[in-house]
Amino acid sequence: MKFLLGTLVVLATFVTLCNSQCYFIPNQSLKPNECQDLKGVSHPLNSVWKTKDCEECTCGQNAISCCNTAAIPTGYDTNKCQKILNKKTCTYTVVEKKDPGKTCDVTGWVL
């Protein structure tokens, strides 16, 4: 039980210290209680949704804000290895370019 509690504290601290990759889209909807995303889909004001590209978006009065939810690998050999995003699980794996069956060492992750 102590191990679980300690793990949760560490994870909560990690999430708090992370800087998400976010962007904003001005709300240009003609209706006052909704936002229209870049694909033309309308969302109710103050709603939150996830995209197929592993982003979480929020409809605000003046803008839609979207943030990446997948941790991005850093500190790996970019000449030898490549990152691959699994859109179903919103996770990256880093594999060798010449042999995608072999994983590469990663020294850091950015959210």
Side-chain angles (χ1 to χ4, degrees):
M1 186 66 170
K2 287 182 180 182
F3 174 77
L4 179 60
L5 182 60
T7 302
L8 290 174
V9 169
V10 169
L11 287 175
T13 303
F14 177 76
V15 170
T16 303
L17 295 175
C18 288
N19 291 325
S20 296
Q21 295 178 354
C22 301
Y23 62 92
F24 297 91
I25 306 164
N27 186 2
Q28 298 180 356
S29 175
L30 299 176
K31 297 180 182 177
N33 293 324
E34 69 178 34
C35 297
Q36 192 170 32
D37 65 23
L38 294 175
K39 295 181 181 177
V41 177
S42 294
H43 302 275
L45 189 64
N46 299 319
S47 63
V48 178
W49 67 95
K50 292 193 179 192
T51 71
K52 66 178 182 174
D53 296 318
C54 301
E55 297 173 330
E56 183 174 283
C57 298
T58 304
C59 172
Q61 188 70 39
N62 299 317
I64 295 174
S65 64
C66 295
C67 296
N68 179 34
T69 61
I72 300 169
T74 61
Y76 64 92
D77 185 347
T78 56
N79 294 320
K80 179 181 171 186
C81 305
Q82 65 183 354
K83 62 183 178 185
I84 299 174
L85 176 63
N86 180 332
K87 289 187 179 185
K88 288 183 181 180
T89 62
C90 291
T91 57
Y92 280 96
T93 55
V94 180
V95 296
E96 290 186 6
K97 292 177 182 178
K98 291 184 179 178
D99 186 359
K102 291 183 180 178
T103 58
C104 298
D105 290 333
V106 178
T107 59
W109 298 85
V110 176
L111 185 59

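- Taken together, Cys67 and Cys57 fail the criterion of an SG-SG distance shorter than 2.5 Å.
- Between Cys35 and Gly60, the closest heavy-atom pair is SG-O, 3.3 Å.
- The two residues Val106 and Gly108 have their closest heavy-atom pair at CG1-O, 3.2 Å.
- In this structure, the side chain of Lys80 does not engage the main chain of Lys98 through any donor-acceptor pair within 3.5 Å.
- For the pair Asp53 (side chain) and Glu55 (backbone), a donor-acceptor distance under 3.5 Å is absent.
- Val94 and Tyr76 make their closest contact through CG1-CD1, 3.6 Å (heavy atoms, listed as atom of the first residue, atom of the second, distance).
- When atom types are taken as modelled, the side chain of Ser47 and the backbone of Cys59 share no donor-acceptor pair closer than 3.5 angstrom.
- Listed here is the closest heavy atom pair of Lys52 and Lys87: O-CD, 3.6 Å.
- Residue Ile72 holds its CD1 atom at 8.0 Å from CG of Leu111, rounded to the nearest 0.5 Å.
- Exactly one residue among Glu34, Gln36, Lys31 makes a side chain to side chain donor-acceptor pair (under 3.5 Å) with Ser42. That residue is Glu34.
- Using a distance-only test at 3.5 Å, with no hydrogens or angles considered, no donor-acceptor pair links the side chain of Asp77 to the main chain of Cys81.
- Closest approach of Trp109 and Tyr92 over heavy atoms only: CH2-O, 3.7 Å.
- Judged purely by atom type and a 3.5 angstrom limit, Thr69 uses its side chain to pair as donor or acceptor with the backbone of Cys54.
- A donor-acceptor pair under 3.5 Å is formed between the side chain of Asn27 and the backbone N or O of Gln61.
- Side-chain contact check for Thr103 versus Thr93: every heavy-atom pair is 4.5 Å or farther apart.
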